[in-house]
Amino acid sequence: MLSVEQAETIILGLVQPLDAERDNERRNLMEASGRVLAGAVTSALDFPHWDNSAMDGYAVRYTDVQVCSAESPVQLDIVETIPAGYQPKHVVGAGQAARILTGSVMPQGADTIVIQENTQREGDTVTVLAAPKPQAFVRQRAAFYQAGTPLLPSGLQLQAPEIAVLAAAQCAQVTVYRQPRVAILSTGDELVSIDQPLQPGEIVDSNQYALASLVAQAGAIPVRLGVVVDDPEALKVAIAAAIAQADIVLSSGGVSVGDYDYVEDILAALGGDIHIRSVAVKPGKPLTVATFEQEAGGAEEAEGQQPTPYSTPHTPHPKHTLYFGLPGNPVSALVTFWRFVEPALRKLSGLPEAAWKPRFVRATTRVALRSDGTRESYLWGHLHLVDGLYEFRLADGNHSSGNLINLAGASGLAVVPVGQTHIGSGEFIQVMQIGLPQHY
Ligand code: AMP
Ligand code: MG
């Protein structure tokens, strides 16, 4: 059985990130929030676009005012007022100044701003009462960014600051990676959909909803394929269809060693390479990972069928699909998604390592944590900031992998390493952050 670390290394090694040249699309800026840039953006504009004033005051020639003081002030003639959005008309000559407001364009001839507080205004003249430093409060053109150099790097996920920069640079459209497609199917004779009346022994297919939500939150497109019964033929058809239309396939259930657990055999029969069969992790031991390679211009096109709504409009290319057979237990399915699938999915999306690596933080545990020591255990709970330091509070109630209920509101998974059976209250632990910050 593989350790968590070995499994993680194998999985991340199997990921083939989207190709910036091939797997991209143009999007209007407002629709690009949360998306990942598929190429560096450069701008033809300098930032600032022109020399401008950082303060309200007077634009002057430094040589006119370099020795003045309250005792020996200098009087200058005001040639014009330069408000925001105004193009100066006059050159500031010797003995002259221009009234200027924050952000406004520096007039020719002037090289320094005297702040308003150090002046006295009388009609069309201004008296300077203190010598400024040379070039004081002038923001030089291109001081923040020089036209033609990289403005934003490829692989950057667009949030408000990046959207603002792109808007300021007049990039109305941006080239972003397409969103990965993740097919989700649930296996099990006992599963019913959310709106079906429950018969004795039946269970609602909650994994379908949980996984679709996780996939969407990771910026990918969930393709929900519903429930497949525990029948080898039906499963084979469903799994083949899922592989054909997705970058990643997530199935849940049917991967233990029970009488109705067929997934692994079917993956092998469909020509998949199986890389992982189980991992020493709790919950989540029966995790299956496989890859499928499809020739360029795959079977659907060869048979002259219509492309599926999910096929890309680009040139056919060899297709690589990563298959995760997740355990059926709702908690196990979620934990294995967070620990193994999410980093892989985010890596596939074109993000750099710093953005797809699982986020572990150091925290103290409020209560003692226990495990049987045989597998790396993940215990769910809440991460609280106490005076700027993280404290982990174990979720109340039963920590069986069948108990989905107390997983609600969890914001962290505390790690109990292999070989450790007890971590005392107040001791330091590693906690993996999950989802969005929660206050439960
Ligand atoms: P399995 O891995 O198929 O043996 O399933 C393990 C446990 O998880 C069983 O109790 C199943 O009923 C439950 N389970 C399997 N799939 C799902 C699902 N999609 N949603 C909720 N529970 C599930
Ligand atoms: Mg099952």
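One-based numbering, in listed order, for ligands and for the atoms of each.
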Practice task
Identify, chain by chain and in numerical order, each protein residue with a heavy atom under 4.0 Å from an atom of ligand 1.
Solution key: Ser186, Thr187, Glu190, Leu191, Ile203, Val204, Asp205, Ser206, Asn207, Ser252, Gly253, Gly254, Ser256, Gly328, Asn329, Pro330

Problem - From CZ (Arg139) to CD1 (Ile113), nearest 0.5 Å - result: 10.5 Å

Exercise for the section: To the nearest 0.5 angstrom, please state how far the OG atom of Ser411 sits from the NE2 atom of His384. Expected result: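 With rounding to 0.5 Å, OG (Ser411) is 6.5 Å from NE2 (His384).
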
Exercise for the section: Using the six-membered ring of Tyr378, assess whether NZ or CZ of Arg339 lies under 6.0 Å from its centre and within 45 degrees of the ring axis. Expected result: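 Ring-cation test returns no.
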
Problem - Geometric cation-pi criterion Lys133 and Phe137, 6.0 Å radius, 45° cone - result: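 The answer is no; the distance or angle limit is not met.
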
Practice task
Check whether any side-chain heavy atom of Ile11 lies under 4.5 Å from a side-chain heavy atom of Phe324, and answer yes or no.
Solution key: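 A side-chain contact exists here, since the closest heavy-atom pair is under 4.5 Å.
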
Problem - Test: Glu264 and Arg277 ion pair at under 4.0 Å - result: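 Yes, Glu264 and Arg277 are salt-bridged.
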
